[in-house]
Asker: 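Just passing along the structure, written as structure tokens.
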Protein chains: 4
Amino acid sequence: MAHSYSTATSDNISSAQTMLAVQKPAAEPGFHLVQAPIPEIGPEDVLVKVSLASICGTDLHITEWDNWSASRIKPPLIYGHEFCGVVEAVGKDVKKFHPGMRVSAEMHVPCRHCRQCMTGNLHICEQVQILGVDGDGCFAQYVKIPRLQLVTLPPEVSDEYGACLDSLGNAVHAVSRAEVSGKAVHIVGCGPVGLFAIKVAHALGATRVFASDVVPYRLELAEKAGADAVFDASKTTVSAEILAATKGMGADVVLEMSGNPHALKDGLTGLKNAGTVVLFGIFGQPVPVNLNQDIIFKEAQVIGVNGRRMFDTWILMLDLLEAKKIDIDFMLTHRFDLSDFGKAIELIGSGHSGKILLKP
Amino acid sequence: MAHSYSTATSDNISSAQTMLAVQKPAAEPGFHLVQAPIPEIGPEDVLVKVSLASICGTDLHITEWDNWSASRIKPPLIYGHEFCGVVEAVGKDVKKFHPGMRVSAEMHVPCRHCRQCMTGNLHICEQVQILGVDGDGCFAQYVKIPRLQLVTLPPEVSDEYGACLDSLGNAVHAVSRAEVSGKAVHIVGCGPVGLFAIKVAHALGATRVFASDVVPYRLELAEKAGADAVFDASKTTVSAEILAATKGMGADVVLEMSGNPHALKDGLTGLKNAGTVVLFGIFGQPVPVNLNQDIIFKEAQVIGVNGRRMFDTWILMLDLLEAKKIDIDFMLTHRFDLSDFGKAIELIGSGHSGKILLKP
Amino acid sequence: MAHSYSTATSDNISSAQTMLAVQKPAAEPGFHLVQAPIPEIGPEDVLVKVSLASICGTDLHITEWDNWSASRIKPPLIYGHEFCGVVEAVGKDVKKFHPGMRVSAEMHVPCRHCRQCMTGNLHICEQVQILGVDGDGCFAQYVKIPRLQLVTLPPEVSDEYGACLDSLGNAVHAVSRAEVSGKAVHIVGCGPVGLFAIKVAHALGATRVFASDVVPYRLELAEKAGADAVFDASKTTVSAEILAATKGMGADVVLEMSGNPHALKDGLTGLKNAGTVVLFGIFGQPVPVNLNQDIIFKEAQVIGVNGRRMFDTWILMLDLLEAKKIDIDFMLTHRFDLSDFGKAIELIGSGHSGKILLKP
Amino acid sequence: MAHSYSTATSDNISSAQTMLAVQKPAAEPGFHLVQAPIPEIGPEDVLVKVSLASICGTDLHITEWDNWSASRIKPPLIYGHEFCGVVEAVGKDVKKFHPGMRVSAEMHVPCRHCRQCMTGNLHICEQVQILGVDGDGCFAQYVKIPRLQLVTLPPEVSDEYGACLDSLGNAVHAVSRAEVSGKAVHIVGCGPVGLFAIKVAHALGATRVFASDVVPYRLELAEKAGADAVFDASKTTVSAEILAATKGMGADVVLEMSGNPHALKDGLTGLKNAGTVVLFGIFGQPVPVNLNQDIIFKEAQVIGVNGRRMFDTWILMLDLLEAKKIDIDFMLTHRFDLSDFGKAIELIGSGHSGKILLKP
């Protein structure tokens, strides 16, 4: 697929009241680099100067304008939802944040009044609004964030790490729900969240971590991430390898992060009785599941996960990072200026990158 | 389907060392009523005189000799796995049971040495042997039971109730895993276990219990069981009814007891975000599941259940019965002499019965 | 103890911009009935016209000015923290509430930024501010509430019930933590929260509920609440009764709601191995506990509880009330006009009342 | 304290049908090294040739004949309950074990019929019999074990590790109950189980592990075990150190392994709100606990632990050892021949040892 990108020159990134931003200007593929007004903040908002942002697969979908994007996004929109930055200004009712504080943010903004919000599940609020999808996001020099969405970064967390907390948080949430402590874990699919999950599973006490994928670049990153064994599903039957490695018992936990029905099926075959499956990867269509054999007779447990818990996931993630339990340097493969967003988005489409950082 | 049954006459049920029993004599449909030797017991076994037995759908499958039966059962076999009785004799190493004690038994006999057995999951032992399927069962005047499989019945539990504990136990286990306390529960499918589950869910603190099926006889029993609302899936969209009854939230818990893919699909549609699905019904083939919408985005949890826990389920069930929290009189619709097994098995095939009791 | 109360006459409860209120005017015993300004609201606040309020033991402490009150409360203060009412006006940034809506409120106002708040434990926020203790409360015709503290009442919940949700919520939270479904529960201490807990335990599926106290008035209310057995600790050894009633096993759950060391000790004696103790009652001083015998060898679990979860407890409580699972009519023993607060507070001190309602 | 020990000479350890054993011959301090008959086994028993045994503090109590020993033990008794060995012979009904298999054993023998046994809590069976306390144990060349108590050792577990699984299992059970994954853990008391717990907590995903004691020898071992920080409670206020190290939050988990009331009190002071305390250490008498401040207002959770779960603890422990997640070499400080038991028991009394191994 060929994008038609429009690029701002460095000349137009300097006006006092405007900022450089990546914008979807209309309901069609592509993006514009624009000079947008710096956001005005309300009494409960915080204006953050973006230090570094990071690109997610969703940003590629928005750029390419897939069906999901077309059905949800209302241009014009500044997108991007992974970043860290420094507080620039605060609204008059904001008491806990001050200019100069280093922060990141949970970009899923819950309504805080529905039943899910009122029972601790803010991350699955049915009226959730996502900054960078439903409202302006962080591929810009400044971003406006409601105060309750902000997270303070400790000094142990670098800007590079701070820009990746959205997707690292997906991994922390998924692995947390699986309760991997003392268990043998099979991570199916080694995209960025799957790769992070290898690190997180080890940090949270998994006894062994197996990883599988079909893309050599990803399998190499899985090795770098420290998986105890890495299996290429294009060359071997992964479930057979898992069973062999576990004396025929199977993995205690399967983390499905591929969105591939065959990989899921094989993952379930390699799951032990009474095992746990966490579903994170998104599937293109309904998937046939052998419920009798793979779920019922095994008394398996299947848990869907989505986003990150507010803010249990963030607190745990920051604790792990402060304690140096997770090293994600291996994933920081590329860095671009925001004005080179076009190159960055082409690279992410190639499948040959870890996390790509953007410097506004 | 026409059975060819052979029936013993009352004349031949009197020899001192033999007993009346329902036997599958060969690998084909039908059964024989035979005079079989009273079982000899080993040092760790208990001989129980059967007071009452009860028929399960599995017994119909064995009689009709379906694919599953043909692949698993090795005739000749005395079948039947739901009963209560009185201890007649005990092996020399049996210390806790004595002649005259009223008992029932868990007929799934675990190996007690595999990883599942050693971690409390005896009910999903991979080497489980089922009495009445893999070894002689209880459709007979006497049955031999290993001591560790026996459960003592308190006086508050009648013989009629005692004969139904296997299937009531399925309901207790399934409902327990769903953690229904304080929740709105939808029971999909009103066969015997589904009907028992209505009672158990109320006893364990469900706030509301909805039930659905398509068979009028079962829907009537669901009303008798005290469901807060009963929906006929042949006449209404059940998920719409559930959503209407829960202010659009959906049920907190779905207990799938139908084995019907359409009923499961609709059950998932009526499940709230972060809800729990327990799968108990057996499906004829792999089922297409919309994992994104019904599991992942909702953060739903799916739990397969099988059998009864040894012996948490039994202890809880007996506590509930002793405390008079569960009344299953509405389910005790028919009683036959064991010698009329042919009539009983035809009735169960008609779908117009609750539990059918057999008097040896 | 003799209070010196000052009482407003009905004449002075009519000015357009003022309202009748119960105020602690200075750091000393007693209260004043005053005409106070109707509160002004900020952009995120809601002004509620109080329909009914209810008196808590804490209000007696504040009136009597005990050590705790003297150390914490900064007069002048309008106190009271249990009520329901109707929205009168909303701040400009309030979108989910409108004049005319029936509401109650969680009066513990968490900071929403500390680690407890960010991990779902808003009710144990270390910087919590309590309306009616640290800021003006609800013993008045109007009360100002921050929008995130409000709870909408469904039509099934009457004003009389709505005024008691703070203390009923204590019971719902304590019983929820104990996971009573299918269990034998011993409630130690039959003050208002203990009495509510009897109802809640039954509603959440307790198999049997035992209650004990030493005050005849309370024991009578425990009978009315439907306890399966009520024991007078001044006349019998309660643990012996509990053991006898459970075949020597002991209660599965002990809810300590007395704050009495002897009652706790005896409660632990009557707890079964692997049982759960919930501590809610406040003790006058450190309590000697036989940790070996009562906790360690038994593998007992002790859980401290405090307040109500925001807002899991509220949601569950409203579900139970809507489904008519909890009837608290037996507790609504007295009703006074707010202007008769003096009589009401004397009555609560006598120990001969259930919940006392105040009509502003 | 001076023991009066009697020692067997090498001459009398050679008869064909006898074996060397450490015996308590009478109700008084001391022990005898004797030539005892090799045990005869029943149909469900296994005879194990002891490869290595290990000494526990309980063995010191038995040798010294403290109050507990005097009240429980019925001499003559061969004691010792930590060991590994090789199957020598099996009873006629034993199918899963064969001569030559390497094994260890859970020496707490549950009745398997009581309510605790029937609900998965075999380790707190009220009728438990302990081999080495209530029946003959493993300080001998051979020991008789009921088949259901045996655990097979994988080749990755050496004899030296295999001899320590009883006390390592205490640590695994205690740490498992605390659910340390992703948490900051404070281990109070660095006896053998506390020291093992440092290793286990790290293996199961604790983010940070703090350890405290007052004995320099133990503090040194805690350093060797890899604690993130080690505090000498005789020189500093440990709770202040813990609070400083956790930004004032406190530890998420306290593992009490000292049996010292002051250490417990200080541990509770350093526990965060909503934290978990596991009690394992045995106290000399009832302990005053500030329930309000340390448990209730904090919503802390206190969990008593005892022994090891059968056999969840063993399975997890062996998985951790196979995966090389726990290295206990630092604890294997001394080795003696069984005939030098007198020297070994004197050493353990000195407090200057880790685990002491005995070679029969």
Side-chain angles (χ1 to χ4, degrees), chain B residues 120 152-156 168-169 171-185 197 199-210 226-229 245-253 272-274 276 309 311-326, chain C residues 120 152-156 168-169 171-185 197 199-210 226-229 245-253 272-275 309 311-326:
Chain B
T152 307
L153 296 185
E156 293 85 352
L168 180 58
V172 170
H173 176 36
V175 176
S176 297
R177 287 299 305 273
E179 297 182 356
V180 300
S181 178
K183 294 188 185 157
V185 178
K199 286 286 187 184
V200 175
H202 271 135
L204 291 178
T207 304
R208 284 183 293 171
V209 180
F210 309 114
D228 293 289
T246 55
K247 302 181 182 179
M249 293 302 306
D252 297 291
V253 169
K272 79 161 188 183
N273 276 13
T276 296
R309 289 187 68 80
F311 285 88
D312 313 66
T313 304
W314 289 84
I315 295 287
L316 173 56
M317 175 164 53
L318 293 176
D319 282 355
L320 291 170
L321 291 172
E322 275 191 71
K324 306 294 180 199
K325 291 287 176 185
I326 299 179
Chain C
T152 307
L153 295 184
E156 293 84 353
L168 180 59
V172 170
H173 176 36
V175 176
S176 298
R177 286 300 306 273
E179 297 183 354
V180 300
S181 178
K183 295 188 184 156
V185 178
K199 286 286 187 184
V200 176
H202 271 135
L204 291 179
T207 304
R208 285 183 293 171
V209 180
F210 309 113
D228 294 289
T246 55
K247 302 181 182 178
M249 293 301 308
D252 298 291
V253 169
K272 78 162 190 183
N273 277 11
R309 290 187 68 80
F311 285 87
D312 313 66
T313 304
W314 289 85
I315 295 285
L316 172 56
M317 174 164 53
L318 294 175
D319 282 355
L320 292 169
L321 291 173
E322 274 192 72
K324 305 294 179 198
K325 291 288 177 185
I326 299 179

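Every chain is numbered from 1, with letters handed out A, B, ... down the list of sequences. Every heavy atom of this structure was used, including side-chain atoms; hydrogens, water molecules and symmetry mates were not.
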Asker: Who wins among K324(C), K247(C), K183(C) for the most heavy-atom pairs under 4.5 Å with chain B?
Answerer: K247(C)
Asker: Considering all heavy atoms of both residues, which atom of D319(B) and which atom of T207(C) are nearest to each other, and what is their separation?
Answerer: O-CG2, 3.7 Å
Asker: Measuring heavy-atom distances to chain C, does E322(B) have an atom under 4.5 Å in its side chain, in its backbone, in both, or in neither?
Answerer: side chain
Asker: Side chain from CB out, backbone as N, CA, C, O: work out which of these in A206(B) comes under 4.5 Å of a heavy atom of chain C, or both, or neither.
Answerer: backbone
Asker: Which region of L204(B), side chain (C-beta onward) or backbone (N, CA, C, O), has a non-hydrogen atom less than 4.5 Å from a non-hydrogen atom of chain C, or is it both or neither?
Answerer: both
Asker: About how many Å separate NE2 of H202(C) and NZ of K325(B), when rounded to the nearest 0.5 Å?
Answerer: 4.5 Å
